[in-house]
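Order of the sequence lines sets the chain letters (A, B, ...), proteins ahead of strands, with each chain counted from 1.
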Number of protein chains: 4
Amino acid sequence: MLSFDQLTLDGAQPIYVQIIRYIKQGIAAGTIANGEELPSRRAVSALLGVNPNTVQKAYRMLEEEGLIQSHSGAKSRIVVSEEVQTKVRGQLLRSDAETLVAAMKQMGVTKEETLSLLEILWKDGDTQ
Amino acid sequence: MLSFDQLTLDGAQPIYVQIIRYIKQGIAAGTIANGEELPSRRAVSALLGVNPNTVQKAYRMLEEEGLIQSHSGAKSRIVVSEEVQTKVRGQLLRSDAETLVAAMKQMGVTKEETLSLLEILWKDGDTQ
Amino acid sequence: MLSFDQLTLDGAQPIYVQIIRYIKQGIAAGTIANGEELPSRRAVSALLGVNPNTVQKAYRMLEEEGLIQSHSGAKSRIVVSEEVQTKVRGQLLRSDAETLVAAMKQMGVTKEETLSLLEILWKDGDTQ
Amino acid sequence: MLSFDQLTLDGAQPIYVQIIRYIKQGIAAGTIANGEELPSRRAVSALLGVNPNTVQKAYRMLEEEGLIQSHSGAKSRIVVSEEVQTKVRGQLLRSDAETLVAAMKQMGVTKEETLSLLEILWKDGDTQ
DNA sequence: GTGGTCTAGACCACA
DNA sequence: GTGGTCTAGACCACA
């Protein structure tokens, strides 16, 4: 079952947004696969130390996007075809990279500087 | 005078945070230089379609950080030494790049894929 | 918990300044001690008949000075070491006394007259 | 004619309030006597570096209190009988001293401490 | 026109 | 219920 161990909340964005993003990234990575069970709202709430309503909001929005199916009395499950996974992954990749490119350009950083900065940072956190 | 044409609000973060970030990026880029005038709270409010108080909050926080000086009845101005510019630029660069690296790693994207994605995106928006 | 019963607003200064001053005086007096709870923004707003945002502004500025700590969903609390209390007290004492001395001198009142005036007034309100 | 040399604005109160107070203190001190001419709004505005409207507001309020008489085309003049002077002086004295006593009491300062603090401060600024 | 303060009140995240 | 953000808009001090 999906765990939220890798999710560290940062306060810069609403928590429900961070939960949604975490699950989408897992789908994109393939670590969260079709049919996988999600922990209950209560469990996630306890693990992250946040309010159950906040988790509920994230789950509800994922369900509205069709990425989760909930049945009362049963665990919620991930519902993703291969196409959906590819689409989610493509959206996240592209949007993250575009955000960085836009920021770097606005700050007058060249492509070469950006690429070498990423090379350096990639190594730094290698063990993680 | 500084324009806010390039700023598009995204709803993922508080508006005043986005305004602060936009101005800091401009400082980092050097396109917003020491002594430059800022448009009035009202003008920014109208341009972005947000409340004047929201702009006021962003400007006030920038003033508390020492990046802006305001005087009643006169336009507010940017106040940045070279050292400050370098510091602001370094903070933004590093934090943006780290964010991307973390996201890509979690999605199981390799360094090489990330770098080539950025190469491609960089060209796409080249004329901008 | 801290009450605002003794605070009467006078219109000569911004309301948020008066709220800040009231709390600082309490800290100086030691009647507002480290860890003490502050009433909520809404409660103060209702008690003083001012807008919640005005109270919020005062609380936020006290938090920026490090005299208050706020956490969403929980009461705000006073955070003052002994050193801080002493410093706040010293600043208020000196500035208040200097204000009176300057006013009395400009009005041509002698030191002796001032001192006896204070003696008399001190007794008048003794029971308070 | 009345000069505003001794008035230094402090930003803690509205400027028009400080102007009113300055004139009332002069009346209380007897340095501003019945029939004395007041400098024009424009002159005061230039001397203090403030907006003419601000001076106008102060003069208008003093006129409403009956302490000034204005005639178009002629200089404004102070209008104070001895009784009025005594009353103004009494009000200022009492209100200033009461303000200090209240502040000191709220801060838990004893009468003796207050009196000696004033003694010390009175000497410090003696030459002024 | 510009900055600063304030009102009245909504909505979200959180305990 | 508590803190934080935001809207819509008024009024004052100032250039």
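Between the side chain of D:Asn51 and the base of F:dA13, no donor-acceptor pair under 3.5 Å is found. Under 3.5 Å, the side chain of B:Arg42 and the base of E:dG1 form no donor-acceptor pair of N or O atoms.
If you measure from atom CD of B:Gln18 to atom P of F:dT5, you get 13 Å, rounded to the nearest angstrom. Distance CD (B:Glu63) to P (E:dT5): 10 Å, rounded to an integer number of Å. Rounded to an integer number of Å, the gap from CG of B:Leu38 to C1' of E:dG3 is 12 Å. Atom pair B:Ile20:CD1 and F:dC6:P shows a separation of 10 Å (rounding to whole Å applied). One atom, NZ of C:Lys75, and another, C1' of F:dG3, lie 12 Å apart when rounded to the nearest Å. At whole-Å resolution of the value, CD1 in D:Ile19 and P in F:dA13 are 11 Å apart. In this structure, CD of B:Gln13 is placed 16 Å from C1' of F:dC6, rounded to the nearest angstrom. Atom C1' of nucleotide E:dT7 and atom CG of C:Leu9 are separated by 14 Å, given to the nearest angstrom.
Two residues are said to be in side-chain contact when any heavy atoms from C-beta on lie closer than 4.5 Å; C:Gln25 and C:Leu7 fail this criterion. Between D:Met104 and C:Leu93, some side-chain heavy-atom pair lies under the 4.5 Å cut-off. Looking at A:Glu65 and A:Val88, their side chains never come closer than 4.5 Å, going by heavy atoms from C-beta outward. Contact check for C:Asn34 versus C:Val79: side-chain heavy atoms found under the 4.5 Å cut-off. Contact check for A:Arg21 versus A:Leu92: side-chain heavy atoms found under the 4.5 Å cut-off. Residues D:Tyr16 and D:Val50 are not in side-chain contact: their nearest non-hydrogen atoms beyond the backbone lie 4.5 Å or more apart.
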How does DNA chain F look in dot-bracket notation if pairs are Watson-Crick or G-U with both distances under 3.5 Å, crossing ones as [ ], other-strand ones as |?
||||||||||||||.
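Within residues 52-60 of chain B, the residues having any heavy atom under 4.0 Å from DNA chain F are, by residue number, B:Asn53, B:Thr54, B:Lys57.
The distance from atom OH of C:Tyr59 to atom OG of C:Ser76, rounded to the nearest 0.5 Å, is 6.5 Å.
Listed pair C:Ser40 / F:dT2 meets the phosphate criterion, a side-chain N or O lying under 4.0 Å from OP1 or OP2. Regarding contacts with the backbone of F:dG3, a side-chain N or O of C:Ser76 is found under 4.0 angstrom from either OP1 or OP2. Applying the 4.0 Å criterion to OP1 and OP2 of F:dC6, one finds that B:Tyr16 has every side-chain N and O outside that range.
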Let's go through B:Gln18 and B:Leu48 carefully: what are the C-alpha distance in whole Å and the side-chain angles of both, what is the deciding distance for side chain to side chain contact (heavy atoms under 4.5 Å, CB included) to 0.1 Å, and is it a yes or a no?
CA-CA 11 Å; B:Gln18 298 181 56; B:Leu48 299 179; over 6 Å; no
Step by step, would you call A:Ile78 with A:Ile23 a side chain to side chain contact (heavy atoms under 4.5 Å, CB included)?
CA-CA 10 Å; A:Ile78 295 290; A:Ile23 292 178; 4.2 Å; yes
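Map A:Val50 and B:Arg41 each onto its nearest nucleotide of DNA chain E; the residue landing nearer the 5' end is B:Arg41. Closest-nucleotide positions on DNA chain F for C:Ser70 and B:Ser72 were compared, and the one nearer the 5' end corresponds to C:Ser70.
Evaluation of the salt bridge (charged side-chain N to carboxylate O under 4.0 Å, His left out) test over residues 40-61 of chain A, restricted to residues two or more places apart or in two chains, returns A:Arg60-A:Glu64.
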